[in-house]
Protein chains: 2
Amino acid sequence: MHSISEENYIKAIYHLQDGQELVSTNEIAGKMNTKASSVTDMLKKLADKNLAEYIPYKGARLTKNGINCATQIIRKHRLWEVFLVEKLDFSWDEVHEIAEQLEHIQSRKLIDEIDKLLDYPKHDPHGDPIPDAQGNYEKTVKTPISQLENGQKGVLSGVLDTSTRFLQYLDKHNIELGTKIQLLEKEAFDGSCLIKTDLKELQISKSIADNLYLKLLK
Amino acid sequence: MHSISEENYIKAIYHLQDGQELVSTNEIAGKMNTKASSVTDMLKKLADKNLAEYIPYKGARLTKNGINCATQIIRKHRLWEVFLVEKLDFSWDEVHEIAEQLEHIQSRKLIDEIDKLLDYPKHDPHGDPIPDAQGNYEKTVKTPISQLENGQKGVLSGVLDTSTRFLQYLDKHNIELGTKIQLLEKEAFDGSCLIKTDLKELQISKSIADNLYLKLLK
DNA sequence: TCCTATTTTTAGACAAGCCTAAAAATTAAT
DNA sequence: ATTAATTTTTAGGCTTGTCTAAAAATAGGA
C-alpha cells in the first residue's frame with residue numbers, strides 16, 4: 001500500500017499536528033532526522049496521493065485519508081508493544097524500536113488477531129491509548145506534574161520521553177503507570193518538584209516533572 | 001545488517017543450492033521473479049560482502065557466512081509460521097505471506113522469545129524443520145509418495161507446494177502433517193496413485209503424489 | 001569443428017529516498 | 001519599509017534495486 005518511508009512521515013506529521021493547524025517542514029525534518037529538502041519531496045508525494053494537504057512555504061496537514069492511515073499505524077505500534085511486554089517478557093523500555101519495525105507489517109487479520117490475543121487492551125505500556133480497528137480511541141486529559149498546584153494528586157498515565165534511560169530511572173524509583181503521585185512542593189526558582197508516592201518522597205527536576213503526565217484525582 | 005532484498009536473495013540461493021554445487025543466475029531469477037541482469041548485480045554485491053562465492057558465467061554458492069544468514073532467516077520464517085497457527089488461529093495456508101514479511105524483523109531477542117513462547121518447536125506447520133539459535137536443524141529423509149513401492153507406508157511430514165489451493169485440497173480430504181498414509185497402487189501409465197489413510201482410500205494425481213513427502217515406516 | 005541457441009553479463013536508464021549547496025520566499029528587526 | 005536572518009524550495013547528485021536491449025560467453029548439434 002504505502003512505503004515504509006511514507007508511513008513514517010505520516011506518523012510524524014500526525015504526532016506533530018496535534019493541536020496545530022499546519023506542521024512546518026523543519027518540524028518534520030527534526031522529528032524524522034532528515035533534511036528539510038527531503039521533507040519537501042515527500043510532502044509533494046503525500047499530497048499527490050491525497051494523504052496530506054501541502055501548502056508550499058506554509059506547511060502540511062494530513063487529510064482524512066492520512067489521519068486514518070496514521071491511526072492504523074499507531075494502533076499496530078501500540079498493540080505490538082503490549083504484545084512484547086505481556087507475552088514475551090520485554091520490559092517497557094525495550095519495546096519501542098522493535099515496534100517501529102513491526103508497525104509496518106501489512107496484514108489486517110494479523111493485527112486484529114493480536115488485538116484479540118491481548119484481549120483488546122486500551123493502553124500501551126507507556127499509557128498511550130490504542131485506537132480500535134475503526135481508528136477511534138479515548139483521549140483523556142493528562143497534565144504534567146510541572147503544571148500541578150501544590151497538593152494536587154493523580155495517577156501516572158503517560159510519559160512523554162520513552163528513552164531507555166528515562167524509563168529505567170522510573171523503574172529504579174518504583175514509578176510505573178498507575179502509580180499514585182502527589183505534588184508536595186514546586187520550587188519556584190528551578191521548577192524542580194518534591195513528589196510523594198505510596199512508597200516514598202522524591203525530589204525530581206523540572207525536566208522529569210515535564211515528562212510525567214497524570215490523570216488528576218480530586 | 002543486510003537489506004531485505006539481500007536477505008531474499010540469500011534465502012533463494014540457499015533453497016536452490018540444496019545438493020547442487022553452483023546455482024545459476026537464471027534459476028535465481030526464476031525463483032525471485034526478477035530478471036537475470038538484476039541477479040548478476042546482486043551476486044556481485046553478495047560476493048563483495050562475503051556472503052556468496054560468485055563465478056561469472058558459472059553461478060554462485062553461499063559462503064559459510066551466507067549459510068548462517070540463510071538459516072537464521074529460515075528460522076525466523078518458520079517460527080513466525082508456528083506462532084501464527086498456534087497462537088493466532090491462522091490456518092496453515094494463510095501464513096506464508098505474512099511470515100515473508102515478519103522474517104525480516106531484526107531483533108535477536110524477539111525471535112528467541114517467540115521460540116520460548118512456542119516451547120521450542122522442531123517443525124513448522126508444513127512439516128519443515130526449524131533451525132535452532134545456532135542454525136542447526138534435523139534433516140530427516142523424506143520420500144514423495146510418487147517414489148514409494150506399492151504397499152509402503154509412512155507419515156506425512158512435509159509438503160513441497162505450499163499454495164493455498166493445494167493446502168485447502170489437503171484439508172478437504174482430512175490430510176495433515178502426521179497423517180499415516182499407505183500407497184496401495186501406482187498406475188504405471190500416468191503415475192497417479194491410490195492411497196489409503198486411516199479414514200479412507202483416495203486416488204491422487206502424479207503431481208499431488210510428487211508434493212506429499214512421507215517419513216517412511218516399516 | 002563451426003554454427004546456432006541459450007545463458008549471462010554489460011551498458012544505460014529509471015524510481016524511491018536521501019543528500020548538499022544555492023536560490024527564493026517568508027519572518028523579524030531595526 | 002528595508003534589511004537581515006531564517007525557513008523552505010529547487011537543482012543536481014548519490015545509492016539501492018530494478019529494468020531493457022545489446023554484447024559476450026557458453027553449450028549443443030550437425
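Computed over heavy atoms, backbone and side chain alike; hydrogens, waters and symmetry mates excluded. From a predicted model like this one, the values you see are computed outputs, not experimental measurements. Chain letters run A, B, ... following the sequence lines, proteins first, then strands; residues in each count from 1.
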Using a cutoff of under 3.5 Å, can you pull out all pairs of nitrogen or oxygen atoms linking the protein to nucleotides 19-26 of chain C, with atom names and distances?
| from | atom 1 | to | atom 2 | distance (Å) |
| --- | --- | --- | --- | --- |
| C/dC19 | OP2 | A/Lys35 | N | 3.0 |
| C/dC19 | OP2 | A/Ser38 | OG | 2.6 |
| C/dT20 | OP2 | A/Lys35 | NZ | 3.1 |
| C/dT20 | O4 | A/Ser37 | OG | 2.9 |

Practice item. Applying ring pair (Phe, Tyr, Trp, His ring centres under 6.0 Å), name anything that partners A/Phe90, two or more places apart in sequence or on another chain. Key: none
Point to revise | Distance-only side-chain donor-acceptor flag, B/Glu7 / B/His104, under 3.5 Å | key: yes
**Study point:** 5′-ward residue of the pair B/Val39/A/Glu6 relative to DNA chain C
**Key:** B/Val39
Check your understanding: Does the ring centre of A/His77 sit less than 6.0 Å away from the ring centre of A/His96?
Key -> yes
Review point. Should B/Lys44 be listed as having a side-chain N or O under 4.0 Å from OP1 or OP2 of C/dT10?
Key: yes
Review point. Counting only non-hydrogen atoms, which of residues 8-16 of chain A are less than 4.0 Å from DNA chain C?
Key: A/Tyr9
Review point. Quick one: is A/Tyr54 getting a side-chain N or O under 4.0 Å of the D/dT8 phosphate, OP1 or OP2?
Key: no
Practice item. Could you list the residues that satisfy salt bridge (charged side-chain N to carboxylate O under 4.0 Å, His left out) with A/Lys87, not counting sequence neighbours? Key: none
Check your understanding: Atom CE of B/Met32 and atom C1' of D/dT16: how far apart are they, to the nearest Å?
Key -> 14 Å
Check your understanding: Taking only residues two or more places apart in sequence, or in another chain, which ones meet A/Ala12 in a side chain to side chain contact (heavy atoms under 4.5 Å, CB included)?
Key -> A/Lys31, A/Met32
Practice item. Could you pull out all residues at least two apart from A/Asn211 that satisfy side chain to side chain contact (heavy atoms under 4.5 Å, CB included)? Key: A/Leu160, A/Asp161, A/Phe166
Review point. Separation of A/Ile4 atom CD1 from D/dT16 atom P, in whole Å?
Key: 17 Å
Check your understanding: Taking only residues two or more places apart in sequence, or in another chain, which ones meet B/Glu97 in a salt bridge (charged side-chain N to carboxylate O under 4.0 Å, His left out)?
Key -> none
Practice item. In whole angstrom, give the distance that lies between atom CD of A/Glu7 and atom P of C/dA16. Key: 16 Å
Check your understanding: Are OP1 or OP2 of D/dT18 and a side-chain N or O of B/Ser5 less than 4.0 angstrom apart?
Key -> yes
Review point. Listed by chain and number, what are the salt bridge (charged side-chain N to carboxylate O under 4.0 Å, His left out) partners of B/Glu113, not counting sequence neighbours?
Key: B/Lys116
Review point. Side chains of A/Tyr14 and A/Thr71: closer than 4.5 Å at any heavy-atom pair?
Key: yes
Check your understanding: Restricting to pairs with a member in residues 123-136 of chain B, which pass salt bridge (Lys or Arg N to Asp or Glu O under 4.0 Å), not counting sequence neighbours?
Key -> B/Arg78-B/Asp124
Check your understanding: Between A/Thr40 and D/dT10, does any side-chain N or O lie under 4.0 Å from OP1 or OP2?
Key -> no
Protein-nucleotides 3-6 of chain C N/O pairs under 3.5 Å:
none

Review point. Salt bridge (Lys or Arg N to Asp or Glu O under 4.0 Å): which pairs involve residues 60-71 of chain B, sequence neighbours left out?
Key: B/Glu21-B/Arg61, B/Glu53-B/Arg61
Check your understanding: Between atom NZ in A/Lys49 and atom C1' in C/dA15, what is the gap in whole Å?
Key -> 12 Å
**Study point:** Whole-Å distance separating the CG atom of B/Leu43 from the P atom of D/dT18
**Key:** 12 Å
Revision key, fill the gap. A/Asp190 meets the side chain to side chain contact (heavy atoms under 4.5 Å, CB included) criterion, sequence neighbours left out, with A/Glu187, A/Ser192
**Study point:** Whole-Å gap separating C1' (C/dT7) and CD (B/Glu27)
**Key:** 12 Å
**Study point:** Atom pair distance, as rounded to whole Å: CE in B/Met42 and C1' in D/dT18
**Key:** 10 Å
